[in-house]
Enquirer: 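This is the structure I have questions about; it appears just below.
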There are 2 protein chains.
Amino acid sequence: MKEGPDIALLGSVIGDPARANMLIALMSGKALTATELASEAGITVQTASSHLSKLEGAGLLQQRKQGRHRYFTLADDEVAQVLEAMMGLAASRGLMRTRPGPKDPALRRARVCYNHLAGDLGVQLFDSLQQRQLLTGSETDFTLTDAGREFLEDLGIDVEALERERRPVCKSCLDWSERRTHMAGALGTALLDRFIGLGWAERVPKSRIISFSAKGQKAFETHFPTVN
Amino acid sequence: MKEGPDIALLGSVIGDPARANMLIALMSGKALTATELASEAGITVQTASSHLSKLEGAGLLQQRKQGRHRYFTLADDEVAQVLEAMMGLAASRGLMRTRPGPKDPALRRARVCYNHLAGDLGVQLFDSLQQRQLLTGSETDFTLTDAGREFLEDLGIDVEALERERRPVCKSCLDWSERRTHMAGALGTALLDRFIGLGWAERVPKSRIISFSAKGQKAFETHFPTVN
DNA sequence: TTCATGGTTCGATGATAGTCGAAGCCTCTA
DNA sequence: TAGAGGCTTCGACTATCATCGAACCATGAA
């Protein structure tokens, strides 16, 4: 038996997909509840609870009780830095969670990322809003302009209601098939919901694919044109 | 399911005790055969073979055939750096394989980190160069000054030759025992080699410890004094 | 108190993956 | 050509652990 820091233990703690998903979700810096983390990881709360106690036992997480909620955050910056370093290494070795390559064109075209639109159309949506100055700011940190709010209200989205929610309205998400930014956050969710509500698109069961109808496709193009 | 670098996969690859032992053994910078690595990890060669193919599949290892032997090394510096960072995190959370033993002080004083000097003396080296303005720049991104080049040439290091190599000459690496920056990259390698070449120090077999002789110790202090 | 919501604990199940014996492949040596 | 050493492949066994249903605990609201 050797001596020194136990990277095997650390690795195995990070090495479970559910736990890794939770850690990545917490990389946003936000404090999340056990229930939220469970949904991020796609598991039940019981399972999440077990994972969370392991992560906390390894010193990677900190919890803060507040009423009947328990908010979890990464323990400190060092944890985030190591995770970031591991992401870099994984990326440079081609260790990706989705295999690049046009294996499933429909998936690359439009899919769900959490609860917002990703893929080709997700990127197009973001670009269109930005080019027409309905969004302002950088790729990673942006807000709605007044024109943007009006545009979204016209589309039937209650922007004020979104702003009353806890999570940020505008949030970016890096698209690994396109290697571009698309829209996440409360607005991303609201937009996808609205597309489905308008009958433009629907979720394909048992997959992440979002299927647009012919009419929906057209409507999407009119509302979110590519300027090029 | 999210997208992005698969840190869960990377973590699970590192997260097996046998594989972690092999990786740590390779942190010495030496090329080891499958049989040697098996004995390091305390497993049979069959099992080791399976582990090695996994490590190689994840891009963490490189193998070089030579006769009937297969020599394994870490794929590159980035792997070593992430491992070192994980060691630091594990150490700071108290995730240790054994309680600190008698070998520990020597290991903290001077050890090999892949192919450069780490520990107490590694940090001292970096500090000394920086304080005397032989290096310029930040902790993470720095270059040699003209005075620095001259100093190193006097020490018998062919800086120009280093610059012809592909990998960066100056690169920092976080030290897990000191939680400070020390010197990695081509220059880090060259410096350690030079210390050994000058007879100041030698590698202790079967460990990562670098043992300085009394004379070597003195010479090191004269060349890399602490200002404090 | 009663009810609802957020979380944890317990127990059973199922899948994954680490392990080694045996056999086979490859390469160098004689 | 035979033999030996280094390493991989195959197959079977086993232990670990993630998972979820059900029950339980805790906090806040009515």
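Side chains included, hydrogens not; waters and symmetry mates left out as well; all remaining heavy atoms used. We name chains A, B, ... by the order of the sequence lines, and we start the count at 1 in each one. Keep in mind the model is a prediction, meaning the values are calculated, not measured.
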Enquirer: Would you tell me if any nitrogen or oxygen in the side chain of B/His51 comes within less than 4.0 Å of OP1 or OP2 on C/dA17?
Expert: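 No, no such contact exists.
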Enquirer: Between D/dC7, C/dT27, D/dA18, spot the one nearest the side chain of B/Thr33, thanks.
Expert: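 Given the options D/dC7, C/dT27, D/dA18, the side chain of B/Thr33 is closest to D/dC7.
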Enquirer: When you get a sec, tell me which of D/dG6, C/dG6, C/dG18 is the closest nucleotide to the side chain of A/His69?
Expert: C/dG6
Enquirer: Restricting to non-hydrogen atoms, name the atom on A/Val82 and the atom on B/Ala85 that form the minimum distance, rounded to 0.1 Å.
Expert: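 Between these two residues, the closest heavy atoms are CG2-O, 3.7 Å.
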Enquirer: Could you pull out the closest heavy-atom pair between B/Leu61 and B/Glu56, with the gap in Å?
Expert: O-CG, 3.7 Å
Enquirer: Can you measure B/Asn21 atom CG to C/dT19 atom C1' for me and round it to whole angstrom units?
Expert: 15 Å
Enquirer: What nucleic acid atoms does A/Ala18 come within less than 4.0 Å of, heavy atoms only: base, sugar-phosphate, or nothing?
Expert: sugar-phosphate
Enquirer: Whole Å only: how far is the CD atom of A/Glu36 from the C1' atom of C/dG6?
Expert: 12 Å
Enquirer: Can B/Arg194 and B/Asp158 be counted as an ion pair, charged N to O under 4.0 angstrom?
Expert: no
Enquirer: Kindly point out which of D/dG5, D/dC7, D/dT19 is positioned nearest to the side chain of A/Thr47?
Expert: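 Of D/dG5, D/dC7, D/dT19, D/dT19 is nearest to the side chain of A/Thr47.
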Enquirer: Go through the steps to decide whether B/Leu117 and B/His182 satisfy the test side-chain contact (heavy atoms from CB on, under 4.5 Å), and finish with yes or no.
Expert: CA-CA 8 Å; B/Leu117 188 63; B/His182 63 243; over 6 Å; no
Enquirer: Between C/dT29, D/dT19, C/dG18, which nucleotide has the shortest distance from any of its atoms to the side chain of B/Arg68?
Expert: C/dT29
Enquirer: Please determine whether a side-chain nitrogen or oxygen atom of B/Thr44 lies at a distance below 4.0 Å from atom OP1 or OP2 of C/dC20.
Expert: yes
Enquirer: Rounding to a whole Å, what distance do you find between B/Arg64:CZ and D/dG6:P?
Expert: 17 Å
Enquirer: Just wondering, do B/Leu89 and A/Leu60 contact through their side chains at under 4.5 Å, heavy atoms?
Expert: yes
Enquirer: Tell me the interatomic distance from A/Asp16, atom CG, to C/dA17, atom C1', rounded to whole angstroms.
Expert: 14 Å
Enquirer: Check this one for me: any side-chain N or O of A/Arg70 less than 4.0 Å away from OP1 or OP2 of C/dT8?
Expert: yes
Enquirer: Does C/dC26 have OP1 or OP2 under 4.0 Å away from a side-chain N or O of B/Lys65?
Expert: no
Enquirer: Between A/Gln63 (CD) and C/dG6 (P), how many Å, whole number?
Expert: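 So the two atoms are 16 Å apart, to the nearest Å.
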Enquirer: Whole angstroms only, please: what is the CG-P distance between B/Leu37 and D/dG6?
Expert: 14 Å
Enquirer: Roughly how many Å is it from NZ in A/Lys54 to C1' in D/dC17, rounded to a whole number?
Expert: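 Computing the A/Lys54:NZ to D/dC17:C1' distance gives 6 Å.
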Enquirer: Taking only the side-chain nitrogens and oxygens of B/Arg19, find out if one of them lies under 4.0 Å from OP1 or OP2 of C/dG18.
Expert: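 Looking at the OP1 and OP2 atoms of C/dG18, one of them is under 4.0 Å from a side-chain N or O of B/Arg19.
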Enquirer: Counting heavy atoms from C-beta on, name the nucleotide in C/dT8, D/dA4, D/dC7 closest to the side chain of A/Phe72.
Expert: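 The closest nucleotide is C/dT8.
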Enquirer: For C/dG18, does either OP1 or OP2 sit under 4.0 Å from a side-chain N or O belonging to B/Ser50?
Expert: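 No, outside the criterion.
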Enquirer: Could A/Arg149 and A/Glu163 be called an ion pair, given the rule that one side-chain N must be under 4.0 Å from one carboxylate O?
Expert: yes
Enquirer: Taking N and O atoms by type only, does the side chain of B/Gln46 place a donor or acceptor under 3.5 Å from a partner on the base of C/dG21?
Expert: yes
Enquirer: Of all the choices, D/dT8, C/dG7, C/dC20, which nucleotide is nearest to the side chain of B/Ile43 once you look at every atom?
Expert: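 The answer is C/dC20.
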Enquirer: For A/Ile14 and D/dA18, give me the distance from atom CD1 to atom P, rounded to whole Å.
Expert: 14 Å
